[in-house]
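I have placed the structure first, in the form of structure tokens, so that the comments after it can refer back to it.
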Amino acid sequence: MSEHSAVQENPDRHPDEPGAGPDQSEEGNDQRPEEEDDRPQDPWAARRELRRHAPTAIGGSLVGGDQTGVSGGSVTGDVVLGTKIEHHYRFGAATHTSGNVPAEELRDTARVFAGYEELVHPLLERLRDERIVVLSGAPFTGRRSAALMLLHALGAVPVRALDPKTRPTALNEQVTSGTHGYLVSDLVTGRDDPLRDIDLWSVRDELKRNNAYLVITVDLFAVLHGVAAVEWRPPSPESVLRAHLHALVDDPPLERELLALSPAQVFLGRTGHQLREAAEFAKALADHEAGRLSLEQLASFGPTMVREQVREWFGDDETDLRDKAFLISLAAFDEAAYALTAEVSDGLYAQFQGTEDANRRPRVGVFGTSITKRLRLARAIEYWQEEHTEWGPVTQRMARFEERRAAVEVLREVWTGHPSARPGLIRWLQRLAEDGRPLVRTRAAVAAAVLAQADLPSAMALLIEGWAKSRRYRDCLVAANALATAHAVGAPNILAILRNWCEGDAAEPRLRWTAIRGYALVGAMMPREALVALADAARTSGDEEEAQHIAESAALLLTDESPAVREQVLRDMVELLRDEPPVRRLALHAFVLACTHTDDLLLLRWYATAGKRGGAEDARQLAQLWRTALNDLRVTGEALNALAHWVREAEHDPEAERHLAVLLPALAVTGDDRKRLRHLLATVRSRRGDAPPSVAGRLSAAL
């Protein structure tokens with residue numbers, strides 16, 4: 001049944017609803033007809049896609065060398081990060097929704113306030129003349145503290161804090177108490193209750209009668225009609241940190257020592273800190289100086305703050321459901337094009353709507369979202385960058401979290417802290433895994449890997465194992481990518497899963513294929529173990545197609561970009577020549593594949609330059625593999641084809657010609673060797689398919 005006909009059976013079902021279309025059947029991918037061209041992707045291309053499309057924080061972990069896990073620490077003491085109560089410039093005091101602001105709060109704010117002269121003082125005349133100032137800005141940028149300082153500077157004290165839920169049309173009724181200063185922090189507005197200029201005119205008349213002043217703070221999403229709000233530009237986090245630290249320590253030399261500590265330098269070296277975080281870090285520095293916080297705990301301050309910020313986003317109803325979907329999408333598509341992130345986030349939003357009300361048709365507004373507001377909420381930045389596509393490089397508007405650890409924390413928090421989000425998230429990731437774009441499929445795998453690190457059993461049962469059992473190789477590749485990435489970020493038991501899926505001829509074919517490809521991808525992190533597992537698979541393989549897949553995985557290890565990985569695999573591959581016939585054939589077949597499947601003639605360059613770098617043993621082993629392959633009737637033809645390919649490349653590459661002139665004499669040990677190579681050079685055809693290229697004659701002379 002086509003997708004069109006499936007939707008037509010139920011015209012009330014929206015295509016983005018859970019269950020819409022055949023791809024949402026309970027049986028998943030296995031109920032689809034086999035695609036005629038369902039063949040495994042070339043493993044070298046698959047590896048390039050995984051490394052190219054994985055975010056930076058994870059992509060580096062997939063390359064040979066150290067693994068990069070994601071971990072965090074803990075901080076003792078209070079870390080206040082609520083959205084309902086803004087904590088700027090001070091510690092622990094709640095915003096008063098009604099009544100007078102305590103005098104001690106005003107004193108504390110004045111004592112630690114940073115940026116008064118350049119940021120607040122210029123607004124005094126405006127407040128004095130107009131009686132009302134509306135400050136607009138992002139959350140946690142010090143708007144409330146600035147409002148208090150404005151009123152304090154004019155002597156408009158005590159300050160009476162009004163309920164932010166007061167209707168704009170009723171503000172004039174709230175400024176008649178006889179006090180001289182009023183504050184509305186984060187006035188609630190909406191399409192039905194905008195803050196209008198006429199509302200402010202009415203309030204201004206009342207303020208003049210009482211010789212009073214009013215400061216209103218609003219966020220970036222406030223609905224304003226005809227109101228000339230002042231855009232609040234906050235002080236730098238560093239100035240806030242210094243101001244708070246001085247108020248707490250009051251010892252300039254000691255303050256300089258604390259700011260010179262490594263954790264403080266790391267904190268100051270990062271961009272995008274909220275002011276409340278700078279204030280809290282000042283308190284942490286003071287606690288360290290007082291012996292209440294160790295240096296290790298101080299160093300873990302950053303990860304803890306990120307974790308608390310993420311919990312704040314998803315822990316209450318302050319953040320809209322569509323914005324929560326965008327945050328999750330940005331976590332999965334960190335460092336990807338903004339347009340793509342926004343596109344797929346709306347699909348997730350529709351899935352979440354289906355979870356909240358299965359009988360309601362999901363509704364996703366086409367317009368009404370602001371890039372600036374979305375990125376500010378997510379504490380993300382946009383930038384332009386060239387992106388590689390199958391049509392060539394293109395410049396895209398990209399988006400990423402300011403804090404690199406945020407993406408992982410978002411996925412982990414949603415998966416483990418909000419189980420009700422799982423059904424929608426699972427359906428969303430399954431759709432991403434079926435997308436025609438390699439980047440989208442890769443990000444589905446990476447997201448699943450992060451979920452596996454947080455909760456391996458659930459991620460395996462609900463996502464990865466289903467992909468691995470699919471009849472489509474493309475789905476199996478998503479599973480292999482997910483397992484390799486999960487191992488790279490420190491998920492437990494991944495190698496045990498691969499062994500279990502790969503061992504024995506009774507293993508399910510697609511699970512076995514997934515494990516074989518998985519070993520190729522994780523092999524850079526443990527090359528010896530990966531090659532041993534592939535050799536074991538070769539012993540039990542009775543299928544030529546599977547033997548090809550095993551050889552490709554081993555060849556992928558031999559062409560890794562890490563020299564240390566390649567050298568280890570080369571040594572172990574030579575050892576496999578002494579093993580039983582299936583394993584010996586694996587080694588030779590993998591070696592020949594490695595020679596032919598690299599655009600930069602990696603193995604040819606490796607041999608020619610090994611001696612110059614002091615790698616004589618590498619050169620000896622490479623030559624041994626070549627001679628063995630040329631003399632083994634089962635792979636002789638493939639080996640000669642590989643050499644012929646190199647000769648054709650040398651026709652237009654002088655360096656390749658020089659390298660072949662070094663290699664070929666090392667392969668001509670016996671008379672039969674020389675005859676075989678001379679025959680190859682005499683019969684090789686150029687790229688045009690005609691007579692042998694002239695380079696063949698020169699190489700023949702070198703023999």
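All values below come from the heavy atoms of this structure, side chains included, with hydrogens, waters and symmetry mates left out. Owing to the predicted nature of the structure, the values given are computational and were not obtained by experimental measurement.
With respect to the salt-bridge test (charged N to carboxylate O, under 4.0 angstrom), the residues Arg437 and Glu343 qualify. A salt bridge between Glu434 and Arg431 is absent, with no side-chain N of the basic residue lying under 4.0 Å from a carboxylate O of the acidic one. A salt bridge does not link Glu280 with Arg276: none of the charged nitrogens is closer than 4.0 Å to a carboxylate oxygen. Under a 4.0 Å N-O distance rule, the pair Arg233/Glu231 qualifies as a salt bridge. Between Arg412 and Glu409 a salt bridge is recorded (basic side-chain N to carboxylate O distance below 4.0 Å).
Listed for the Arg441 side chain is a donor-acceptor partner under 3.5 Å among the backbone atoms of Asp435. Under the 3.5 Å distance criterion, the side-chain polar atoms of Glu382 are left unmatched by any main-chain donor or acceptor of Met398. Of the possible donor and acceptor atoms, none in the side chain of Ser329 sits under 3.5 Å from a partner among the backbone N and O of Phe326.
Distance CZ/Arg143 to CH2/Trp232: 11.0 Å, rounded to 0.5 Å. Rounding to the nearest 0.5 Å places OG1 of Thr485 at 6.0 Å from CG of Asn481.
The stretch residues 323-342 participates, sequence neighbours left out, in these salt bridge (charged side-chain N to carboxylate O under 4.0 Å, His left out) pairs: Glu335-Arg404. A salt bridge (charged side-chain N to carboxylate O under 4.0 Å, His left out) check over residues 215-225, counting only residues at least two apart or in different chains, returns nothing.
No side-chain N or O of Arg397 forms a donor-acceptor pair with one of Gln385 less than 3.5 Å apart. Inspection of the Arg379 and Gln309 side chains reveals an N or O donor paired with an N or O acceptor under 3.5 Å.
Ring orientation note: the planes of Phe333 and Trp428 are nearly perpendicular, at an angle over 60° on the 30°/60° scale.
Figure legend: cation-pi geometry between Arg510 and Tyr473, with NZ or CZ positioned under 6.0 Å from the six-membered ring centre and within 45° of its axis.
Residues passing the salt bridge (charged side-chain N to carboxylate O under 4.0 Å, His left out) test with Arg422 are Asp455, sequence neighbours excluded.
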